[in-house]
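Have a look at the structure below before the remarks.
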Amino acid sequence: MTASLPPMPSAAVWKLSGAQVINRLRLVTGLILFTYVLTHFSNHLLGLVSLDLMQAKQGDFMGFWWSKPGTYTLLGAVLIHLGLAYWALYRRRSLRLKRWEAMQLLTGALIPYMLIEHVITTRVAFELYDLQDSYTYVLWMLFGGEKQALQAATLVFAWLHGCIGLHYWLRLNPWYDRVKPWLFALAILMPTLVLISFFQTGREVMVMMRDPAWQAQTIAAMKLPPPDKAAHLIALRDGIRWGMLGLLALVFFARYARNLIEARQQQVRVHYHGGKAVAVPKGRTLLEISRMNNIPHASVCGGRGRCSTCRVRVGQGAEHLPPPDANEARVLARISAPPGVRLACQVRPDCDLEIAPLLPAQAMPHDGFAKPEQTHGVEMEIAVLFADLRGFTTLSEQKLPFDVVFILNRYFAEMGEAIGAAGGAVTQFSGDGVMALFGYEREDPTYAAQSALKAARRMAERLEALNQDFSHDLDAPLRMGIGIHQGLAIVGEMGHGRATGLTAIGDTVNTASRLEGLSKEFHAQLVVSEQVLARAGIGLEGAARHSIVPRGRTVPLEIFALARALDLPLLR
Ligand code: FES
């Protein structure tokens, strides 16, 4: 694939693009509506205590939304959110959606239609005819018959729609996975309790209504509008419902007309690297083109230009693409995307293009998190550490599989923590071996060498502690060999799918591995190259000095073998 570079992001990356403005408006209005639902639901929860308490505290919860600023805020949010939803529906070239996206779209379309009667017979009736829309009135109106089920479904749909939106918004944050179980529990608990409250208080009202005196007094207090005004309210409800349906039909008609026009226009060919080529009308995004042609393509944020998981490397034709807008440029900068990489959900090709999706279709949100530049592949000086357990094969033959796995997992946990605490990253646990890199996140050879030596010392400490824990379970203590070398290596994320991770390749890595192997031959716990000691600025008194010729090299390498890594000088 010939990689021609697209133009770099324009200088005005700080400006908001049209798509960014729309995304933010959708988010802000969505948050306003969710806050409204949350306060409304919180008020409902008091119904679990009593109807009187729920009614008495209504002003506290809903006071802001009843005020003029609150009303305009809410009304504005509804209109903008709805308008943006229609616009998004028009803009979407493909209606092939992921399950949760489809659910969000469906609930979003149904909620206004289902909710409008409730709004007309409460707030609008109050504003127009001074109807007193207390909870008693609302429950009396809704309870019994199909309205009750409709209202319950509306509550659930509104909550579900908001939760899906929040999930899509928050899931790109690294901390989200930690709090997700709690949020999920809350997402289930809240509507469940609200529904219990709804049915409990509704039944309470219906029982009280059996008392003719109470019923007469309560209905009088409601100030129900006379029949002609009630008919006006119903006409208003029907008019709005027809209006919404008409608007929806208009959107679909506009989509149909646009698709017809585009189908007659010149087509562009998109060639997937190593895969098929498709011809499509202009105007669709690369992500839509993938979806329309059943080509699996990652899109964690659903094409909103936020997650970066749809990213593709663009080959031929890239030079004809317009530069990324501010939003796309910001997302690409966040992941340190190299030149030639674009977001498939933001690029609408108007010429033939060659692309290669960079992530598997099952990419997860964390694939879109900010990453250091090194993950894309750079050559840099790092320290590489290999460690291996001595005689573990024999041990594993004498132990039950469960014991072997338990011991190994304890060992890996201890070594992983020791390496992490020293500033390194474990890149591989394989068999009973460990590989770790140091200094890959910053160009500082001294830091890399010192971190690797610190890690070796800590690993030896942890192994001693582990051997004490296992003293009654093992015939002989666990023994470990460590090799450390430093030099240039190619560092980057390598692998495929979920088996992708940071690693390094090159002579430095091979030599570090060889030093670990030599530790057995030299009866040493640690074998370290001269380069590491020189970079760390330390000498090793009492270490045996050897000279080896690494494979493929002619120049000998000076190495030092230390019986105990615990004898390494303490580094700060
Ligand atoms: S699908 Fe998320 S950025 Fe394109």
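Given the structure is predicted, the values throughout are model-derived calculations rather than measurements. Each ligand, and each atom within it, is numbered from 1 in the order the structure gives.
A donor-acceptor contact closer than 3.5 angstrom links the side chains of Y272 and S290.
Every residue was checked against the salt bridge (Lys or Arg N to Asp or Glu O under 4.0 Å) condition with D238, not counting sequence neighbours, and none meets it. Partners of A109 under the side chain to side chain contact (heavy atoms under 4.5 Å, CB included) rule, at least two apart in sequence or in another chain, do not exist in this structure.
Protein neighbours of ligand 1 below 4.0 Å, counting non-hydrogen atoms: S299, C301, G303, G305, R306, C307, S308, C310, C345.
F429 pairs in a ring-ring contact (aromatic ring centres under 6.0 Å, His included) with only one of the listed residues (Y411, F412, F386), which is F412.
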Table please: side-chain donor-acceptor pairs of residues 155-169 below 3.5 Å, with sequence neighbours left out.
from	atom 1	to	atom 2	distance (Å)
W159	NE1	A187	O	2.8
H161	ND1	Q104	O	3.0
H161	ND1	T107	OG1	3.2
H161	ND1	G108	N	3.4
H167	ND1	Y176	OH	2.8

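The pair E262-R348 does not meet the salt-bridge criterion, since no charged nitrogen lies less than 4.0 angstrom from a carboxylate oxygen.
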